[in-house]
Amino acid sequence: TVSQPVKEEPVVITVLRLAQIASTNTQPPSLPAVPGRSLNRASEYDHYVKLVSFAARSAYAPDRLIDPPKGVSRQSIEIKPKQLQKLIREKRLRLTPLSSYAYRGLHVTVLEIENKGSASITLVPELVRGSFIAKSFHHNVLGTSDRDHYSALYLISQRPFKDIVKEL
């Protein structure tokens with residue numbers, strides 16, 4: 001709150017004594033924040049990264065080049081197209097399920113996203129409905145040309161994808 005009119009003259013601040021600023025952060029560095037359940041231990045975060053990395057490779061690389069982490073299992077994605085339409089808040093996007101995997105209590109589902117519209121679309125996590133730990137797009141913008149109108153969406157959750165979509 002300004003109690004007096006602001007003058008158009010520059011304000012000069014003079015520091016009379018340099019003070020050393022001590023680090024007040026005594027806690028170890030925290031893991032990146034994600035919506036939903038907090039990942040408290042480094043091992044949980046490692047599982048999350050390993051699963052998403054595997055899902056991304058499996059979506060684009062030939063099977064012969066992929067070495068799945070021990071314990072990864074493929075999950076079924078039996079979703080009706082009408083249920084899948086409820087997942088995204090943008091009518092110009094078409095979603096197609098590609099694959100779903102489980103690993104140590106986490107699930108990742110890879111969906112192909114196609115821009116059906118005539119204008120570019122910026123992809124943001126708020127477009128996706130559902131209780132997911134994380135939502136990540138392979139590309140942040142979908143164009144309209146044949147080369148850039150597809151992307152992938154990676155959805156990470158604690159429950160199978162089909163169970164979350166049924167609740168929408």
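The shown structure was predicted, so the numbers you read here are calculated from the model rather than taken from an experiment.
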### Task
Enter the distance from Leu111:CG to Leu95:CG here, rounded to the nearest 0.5 Å.
5.5 Å

#### Entry: Close side-chain approach of Ile77 to Lys162, heavy-atom, < 4.5 Å
no

### Task
Decide side-chain contact (heavy atoms from CB on, under 4.5 Å) for Leu155 and Val110; before the verdict, give the C-alpha distance in whole Å, the side-chain angles of both, and the deciding distance to 0.1 Å.
CA-CA 7 Å; Leu155 298 170; Val110 183; over 6 Å; no

### Task
Measure the spacing between NZ of Lys86 and CZ of Arg129 and express it to the nearest 0.5 Å.
9.5 Å

#### Entry: Atom pair CD1 (Ile88) and CG (Leu153), whose distance is rounded to the nearest 0.5 Å
6.0 Å

### Summary
When rounded to the nearest 0.5 Å, the distance separating NE2 of His139 from OG of Ser151 is 5.0 Å

### Query
Do Phe161 and Ile156 come within less than 4.5 Å of each other through their side chains, counting heavy atoms only?
no

### Query
Between the side chain of Arg89 and the main-chain N/O of Glu126, is any donor-acceptor distance below 3.5 Å?
yes

### Query
What about Leu93 and Val141, same hydrophobic cluster or not, with Ile/Leu/Val/Met/Phe/Trp/Tyr joined at side-chain heavy-atom distances under 4.5 Å?
no

### Message
Distance alone, cut at 3.5 Å: any donor-acceptor contact between the side chains of His138 and Tyr154?
### Response
yes

### Shortest non-hydrogen contact between Gly143 and His149, atoms and distance
O-CB, 3.2 Å

### Any donor-acceptor N/O pair, Lys135 side chain to Val128 backbone, under 3.5 Å
yes

### Task
Using modelled atom types only, decide if a donor and an acceptor are shared between the side chain of Ser157 and the backbone of Arg159 within a distance under 3.5 Å.
yes

### Query
Does a side-chain heavy-atom distance below 4.5 Å link Ser131 with Ile164?
yes

### Query
Do Tyr150 and Ile113 come within less than 4.5 Å of each other through their side chains, counting heavy atoms only?
no

### Task
Side-chain contact test, heavy atoms from C-beta onward, threshold under 4.5 Å: evaluate it for Ile133 versus Gln158 and give yes or no.
yes

### Message
Measuring from atom CD of Gln83 to atom CD of Glu167, what distance do you get when rounded to the nearest 0.5 angstrom?
### Response
11.0 Å

## Note on the structure
When Asp148, Leu123, Thr144 are each screened for side chain to side chain contact (heavy atoms under 4.5 Å, CB included) with Asn115, the one that passes is Thr144

### Exam field: side chain Glu114 to backbone Lys116, donor-acceptor pair closer than 3.5 Å
no

### Query
Do Ser58 and Tyr101 have side-chain atoms, one donor and one acceptor, less than 3.5 Å apart?
yes

### Query
What is the distance from atom CG of Leu168 to atom CD of Gln85, rounded to the nearest 0.5 Å?
12.0 Å

### Query
Can you check whether Glu112 reaches Leu98 side chain to side chain, under 4.5 Å on heavy atoms?
yes

### Task
Report yes if some heavy atom in the side chain of Thr122 is under 4.5 Å from a heavy atom in the side chain of Asn140; otherwise report no.
no

#### Entry: Check: Leu142 and Ser120 side chains under 4.5 Å, non-hydrogen atoms
no

